[in-house]
Amino acid sequence: VQLQASGGGLVQPGGSLRLSCIVSGRIFSIDRMGWYRQAPEKERELVADITSGGSTNYADSVKGRFAISRDNARNAVYLQMNSLKSEDTAVYYCNADGRDVLNVLIPRNYWGQGTLVTVSS
């Protein structure tokens, strides 16, 4: 099972970016999906997550600016980031709880490789 994140880049303060993450491989089911971020010299933190039923959860620092969504048919999760601030600069990682076809009884947690978001003028 692989998670491929994309959509990062350089954006000016106040701008927008949309991150995408596609899950591929021998996936049987995906439960929760989420985005985390890690800024330089800081710990990785949860940005937002979404259940298979569509319930969402956001870090206080991004509420009202970011929106997480998913496409279950495509095994994809997205993060729309608006009104970006310099403090949003970080490597963003997608994350998923799921089961692969060889071990359907054992839930696992999967990480993507990260995509860099830089907010700077």
Side-chain angles (χ1 to χ4, degrees):
V1 176
Q2 297 85 39
L3 279 66
Q4 181 67 47
S6 61
L10 174 64
V11 63
Q12 292 186 342
S16 298
L17 279 177
R18 185 175 187 249
L19 305 182
S20 300
C21 178
I22 305 294
V23 181
S24 63
R26 299 177 298 189
I27 192 73
F28 176 75
S29 66
I30 302 173
D31 303 313
R32 186 194 65 88
M33 303 181 81
W35 290 95
Y36 290 71
R37 67 185 180 187
Q38 187 166 20
E41 300 182 357
K42 291 189 176 180
E43 293 188 354
R44 191 173 298 188
E45 63 176 357
L46 175 68
V47 177
D49 60 14
I50 183 168
T51 67
S52 57
S55 296
T56 59
N57 175 53
Y58 294 92
D60 288 342
S61 59
V62 307
K63 283 181 180 177
R65 300 188 298 121
F66 290 11
I68 190 171
S69 61
R70 63 189 285 172
D71 183 337
N72 291 330
R74 299 186 64 190
N75 290 336
V77 62
Y78 307 98
L79 186 68
Q80 178 66 44
M81 304 185 294
N82 300 324
S83 302
L84 282 160
K85 306 175 181 180
S86 59
E87 51 263 44
D88 295 318
T89 295
V91 177
Y92 285 71
Y93 298 89
C94 61
N95 178 267
D97 295 326
R99 302 165 192 263
D100 69 59
V101 296
L102 297 181
N103 295 286
V104 296
L105 297 180
I106 302 175
R108 297 184 186 276
N109 185 259
Y110 302 97
W111 288 95
Q113 86 287 2
T115 184
L116 177 62
V117 172
T118 303
V119 184
S120 176
S121 55

Point to revise | same_hphob_cluster(M81, L10) at 4.5 Å side-chain heavy-atom cutoff | key: no
Check your understanding: Listed by chain and number, what are the salt bridge (charged side-chain N to carboxylate O under 4.0 Å, His left out) partners of D100, not counting sequence neighbours?
Key -> R108
Review point. Have S16 and N82 got a donor and an acceptor in their side chains that come within less than 3.5 Å?
Key: yes
Point to revise | Any residue meeting salt bridge (charged side-chain N to carboxylate O under 4.0 Å, His left out) with K63, in chain and number order, not counting sequence neighbours | key: D60
Practice item. Give the cluster check for L46 versus V62: same hydrophobic cluster or not, with ILVMFWY residues linked at side-chain heavy-atom distances below 4.5 Å. Key: no
**Study point:** 4.5 Å side-chain heavy-atom contact, F66 and L84
**Key:** yes
Check your understanding: Does a side-chain heavy-atom distance below 4.5 Å link I30 with V77?
Key -> no
Practice item. If a pair satisfies disulfide bond (SG atoms under 2.5 Å apart) and one of its residues is in residues 40-84, list it, with sequence neighbours excluded. Key: none
Review point. Hey, quick one: are V91 and V11 part of the same hydrophobic cluster, counting side-chain heavy atoms closer than 4.5 Å, chains of contacts allowed?
Key: no
Exercise for review: Please identify each residue that fulfils salt bridge (charged side-chain N to carboxylate O under 4.0 Å, His left out) with R65, with sequence neighbours left out.
Suggested key: D88
Practice item. Check whether I50 and Y36 end up in the same hydrophobic cluster, where Ile, Leu, Val, Met, Phe, Trp and Tyr are linked by side-chain heavy atoms less than 4.5 Å apart. Key: no
Point to revise | Atom pair CZ (R99) and OH (Y110), whose distance is rounded to the nearest 0.5 Å | key: 9.5 Å
Check your understanding: Residues in salt bridge (charged side-chain N to carboxylate O under 4.0 Å, His left out) with D97, at least two apart?
Key -> R32
Check your understanding: Could you state the interatomic distance from CE (M33) to OG (S69), rounded to the nearest 0.5 Å?
Key -> 10.0 Å
Exercise for review: Step through the shown structure and confirm whether more than 12 heavy atoms of other residues, nucleotides or ligands are within 6.0 Å of CD on E87.
Suggested key: yes
Review point. With side chains defined as the heavy atoms from C-beta onward, is the minimum distance between S61 and R37 less than 4.5 Å?
Key: yes
Revision key, fill the gap. To the nearest 0.5 Å, atom CD1 of I68 lies from atom OG1 of T56 at 8.0 Å
Exercise for review: Determine yes or no for a side-chain-to-main-chain donor-acceptor pair under 3.5 angstrom, with N103 supplying the side chain and I106 the backbone.
Suggested key: no
Review point. From I22 CD1 over to Y78 OH, what is the distance, rounded to the nearest 0.5 angstrom?
Key: 4.5 Å
Exercise for review: Output the distance between atom CG (L105) and atom CZ (F28), rounded to the nearest 0.5 Å.
Suggested key: 9.0 Å
Atom pairs and distances, side-chain donor-acceptor, residues 111-121, under 3.5 Å, sequence neighbours left out:
unit_1	atom_1	unit_2	atom_2	d
W111	NE1	N109	OD1	3.2
Q113	OE1	A5	N	3.3
Q113	NE2	A5	O	3.0
T115	OG1	G8	N	3.1

Check your understanding: Rounded to the nearest 0.5 Å, how far does CH2 of W35 lie from OH of Y58?
Key -> 13.0 Å
